[in-house]
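Below is one structure, written out as structure tokens; the observations come after it.
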Amino acid sequence: MFSRLVFGLGLLSATALVHPALAADARTLQIIVSKDKQSLAVYDGTEVVATSKVSTGKDGHTTPSGIFSVLEKQKYHESNLYSNAPMPFMQRLTWSGIALHESNSVPRYPASHGCVRMPGVFAKKLYGMTEPGIPVIISDGEVVPQPIDHPTLFHPEAPAPMLLLSDVELRPSMPDSPGTPVQVAMNDTAAMPMPAAPIAMPQPKPPTEPISMLITRRTLRETVIDIQTLLNQLGFPAGNPDGLLGPATVEAIKAFKTLRPAEFTGDRSLVSDTLLKSVYAATGKGEPPNGVIMVRRAFKPIFEAPLTIADPGLALGTHFFTLHAVDEKAGTVDWLGITLENNLSRETMKRLGITNQESSIVSGRPIARSLSRVTIPEETRRRIEALIAPGSTLTISDTGLGRETGEGTDFITITRG
């Protein structure tokens with residue numbers, strides 16, 4: 001979709017740098033904006049290929065920090081919020097009004113109404129380097145992508161051995177009408193000349209369009225979907241598994257509880273951990289999961305699946321990974337990772353059942369600790385590893401989908417509003 005690009009660029013301006021090798025090679029890019037430095041850097045892997053000064057949002061109009069991607073591009077755009085103010089070479093990051101764009105006022109201190117302003121020459125060149133879907137990280141402090149190798153991260157499926165026609169076992173073929181079988185394979189090798197060379201059967205091509213993934217804690221929505229699905233299997237008609245507590249779902253839950261009064265003594269909540277565990281036990285599913293992985297491609301959901309997060313009372317933190325390169329033959333990948341500071345409010349911690357948010361602080365090895373706490377079922381892992389391609393991304397976050405994630409977006413995570 002977005003980031004396997006070939007481009008040849010000259011020197012952008014006094015505020016920008018372009019690596020000379022870009023003219024010849026395809027690149028997987030990501031953009032990182034530092035609000036502290038009031039700077040923007042374009043990364044190809046761990047290498048900076050372009051930089052510029054910027055102006056982010058001033059007091060009262062702060063640019064949100066977090067994980068975004070380019071949703072839409074327009075060479076000329078007028079603001080819907082601020083008196084049709086011109087926004088040339090606009091690259092939209094949220095549908096609520098945050099974007100990268102050209103400005104004739106970029107003083108290298110916060111001066112905008114929330115967008116990221118860039119000098120004209122750089123904004124035009126950056127516009128030519130990107131496509132919808134390219135990741136954009138806006139951080140309070142400066143962050144740098146680092147190589148990371150961890151068993152939780154996804155690797156492509158090992159290529160299947162090449163199937164040769166000479167390897168195929170030939171067997172008798174039955175004709176449509178009854179009678180003597182037609183012998184396809186010949187036992188007399190002298191009567192059947194061998195081909196001059198083995199014929200290789202075609203192999204499926206590896207995926208080329210990247211996917212985006214989010215690992216987060218399960219919310220009431222995922223819990224209700226599970227309960228609806230399992231109650232339907234048990235013969236309690238709960239309606240379509242949509243995560244909504246409609247009349248059919250409510251009646252199915254009440255009917256299920258009525259048959260097990262001892263289990264729900266004192267449980268006054270319609271949906272609770274007790275209910276979830278009881279439904280899982282009744283269907284022989286074991287312990288219910290506490291996490292979920294969601295997968296999107298081209299801004300559209302593909303599927304989601306449960307997973308397990310160890311030590312749920314400890315914050316996962318906010319981490320972002322980019323799949324920079326894939327070697328299909330060797331079955332190896334180059335993942336890059338960054339950690340964003342994301343201090344959770346007391347209300348959020350209480351809602352998520354978090355008692356310690358140590359790993360959300362950018363220190364030590366929080367990125368590896370969080371990955372080690374995630375267990376992904378093998379079936380889900382195989383499905384994802386058949387989909388990953390260069391440019392695929394993975395976000396780990398405690399706070400779920402977030403209000404900016406929706407139709408026509410990748411997973412948007414806000415770390416500071």
Side-chain angles (χ1 to χ4, degrees), residues 65-67 150 152-154 211-230 241-245 269-277 279-280 285-296 301-321 337-362 366-377 380-381 384 393-406 409-417:
S65 300
I67 300 164
H150 193 280
T152 299
L153 293 172
F154 300 100
I211 59 174
S212 60
M213 298 166 281
L214 171 67
I215 290 176
T216 189
R217 297 168 183 268
R218 283 163 61 93
T219 64
L220 178 62
R221 169 185 170 272
E222 289 81 48
T223 297
V224 171
I225 287 174
D226 258 11
I227 290 172
Q228 290 170 321
T229 301
L230 298 179
D242 55 8
L244 302 176
L245 288 169
S269 301
L270 180 65
V271 177
S272 63
D273 288 342
T274 302
L275 172 63
L276 184 62
K277 290 179 179 179
V279 171
Y280 260 75
K285 300 291 185 180
E287 284 293 313
N290 59 1
V292 62
I293 182 166
M294 304 178 185
V295 182
R296 291 190 173 198
I302 301 179
F303 74 94
E304 56 187 72
L307 53 78
T308 302
I309 300 170
D311 301 323
L314 178 65
L316 284 167
T318 302
H319 314 285
F320 182 72
F321 306 86
I338 62 173
T339 294
L340 297 177
E341 187 171 0
N342 187 11
N343 293 310
L344 305 175
S345 67
R346 289 184 179 180
E347 293 78 10
T348 300
M349 291 176 63
K350 182 177 180 180
R351 174 173 58 86
L352 298 176
I354 295 173
T355 57
N356 187 335
Q357 62 170 328
E358 172 195 359
S359 66
S360 67
I361 301 171
V362 185
I367 199 167
R369 290 201 300 270
S370 290
L371 284 170
S372 297
R373 290 167 53 202
V374 174
T375 301
I376 301 171
T380 301
R381 178 174 292 279
I384 291 174
T393 63
L394 168 64
T395 300
I396 294 180
S397 171
D398 287 297
T399 52
L401 286 173
R403 64 185 182 275
E404 293 287 358
T405 301
T409 75
D410 278 330
F411 299 109
I412 298 175
T413 300
I414 305 296
T415 57
R416 187 184 298 273

Point to revise | Audit row: Leu316, Ile309, side chain to side chain contact (heavy atoms under 4.5 Å, CB included) steps and yes/no | key: CA-CA 9 Å; Leu316 284 167; Ile309 300 170; 3.8 Å; yes
**Study point:** Worked check of side chain to side chain contact (heavy atoms under 4.5 Å, CB included) between Glu404 and Thr409
**Key:** CA-CA 8 Å; Glu404 293 287 358; Thr409 75; over 6 Å; no
Point to revise | Evaluation steps, side chain to side chain contact (heavy atoms under 4.5 Å, CB included), between Leu245 and Val224 | key: CA-CA 7 Å; Leu245 288 169; Val224 171; 4.0 Å; yes
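With values rounded to the nearest 0.5 angstrom, Asn356 atom CG is found 7.0 Å from Met349 atom CE. The OG1 atom of Thr229 sits 9.5 Å away from the NZ atom of Lys285 when rounded to the nearest 0.5 Å. For the atom pair CD1 of Ile396 and CE of Met213, the computed distance is 10.0 Å after rounding to the nearest 0.5 Å. Interatomic distance, Thr318 OG1 to Arg416 CZ, rounded to the nearest 0.5 Å: 11.5 Å. Atom-to-atom distance recorded for Asp242:CG and Ile225:CD1 is 7.5 Å, nearest 0.5 angstrom. Taking CD1 from Ile293 and OG1 from Thr216, the interatomic distance works out to 11.0 Å, rounded to the nearest 0.5 Å.
Judged by distance alone, the side chain of Thr152 and the main-chain N or O of Leu371 form a donor-acceptor pair under 3.5 Å. Between the side chain of Thr355 and the backbone N or O of Gly313 there is at least one donor-acceptor pair closer than 3.5 Å. Without hydrogens or angle criteria, Arg218 side chain to Leu307 main chain gives no donor-acceptor distance under 3.5 Å. A distance-only check finds no donor-acceptor pair linking the side chain of Glu222 to the backbone of Gly291 [under 3.5 Å]. A donor-acceptor contact shorter than 3.5 Å is absent between the side chain of Asn290 and the backbone of Thr308. At least one donor-acceptor pair under 3.5 Å links the side chain of Arg373 to the backbone N or O of Asp311. Judged purely by atom type and a 3.5 angstrom limit, Arg217 has no side-chain atom pairing as donor or acceptor with the backbone of Gly353. Looking only at distances, a side-chain donor or acceptor of Thr405 sits under 3.5 Å from a matching main-chain atom of Leu401. Not one N or O on the side chain of Thr393 forms a donor-acceptor pair closer than 3.5 Å with the backbone of Ser212.
Between Asp398 and Gly317, the shortest heavy-atom contact is OD2-N, 3.0 Å. When every heavy atom of Gln228 is checked against every heavy atom of Pro241, the shortest pair comes out as OE1-CA, 3.1 Å. Listed here is the closest heavy atom pair of Thr375 and Pro377: O-CD, 3.9 Å. Shown here for Ser272 and Ser269, the closest heavy-atom pair between the two residues is CB-CB, 4.2 Å. Pairing each heavy atom of Pro289 with each of Tyr280, the nearest pair is CD-OH, 3.1 Å.
The shortest side-chain heavy-atom distance between Ile227 and Leu276 falls under the 4.5 Å cut-off. Here the side chains of Ile384 and Phe303 are in contact, with some heavy-atom distance below 4.5 Å. Contact check for Met294 versus Pro301: no side-chain heavy atoms found under the 4.5 Å cut-off.
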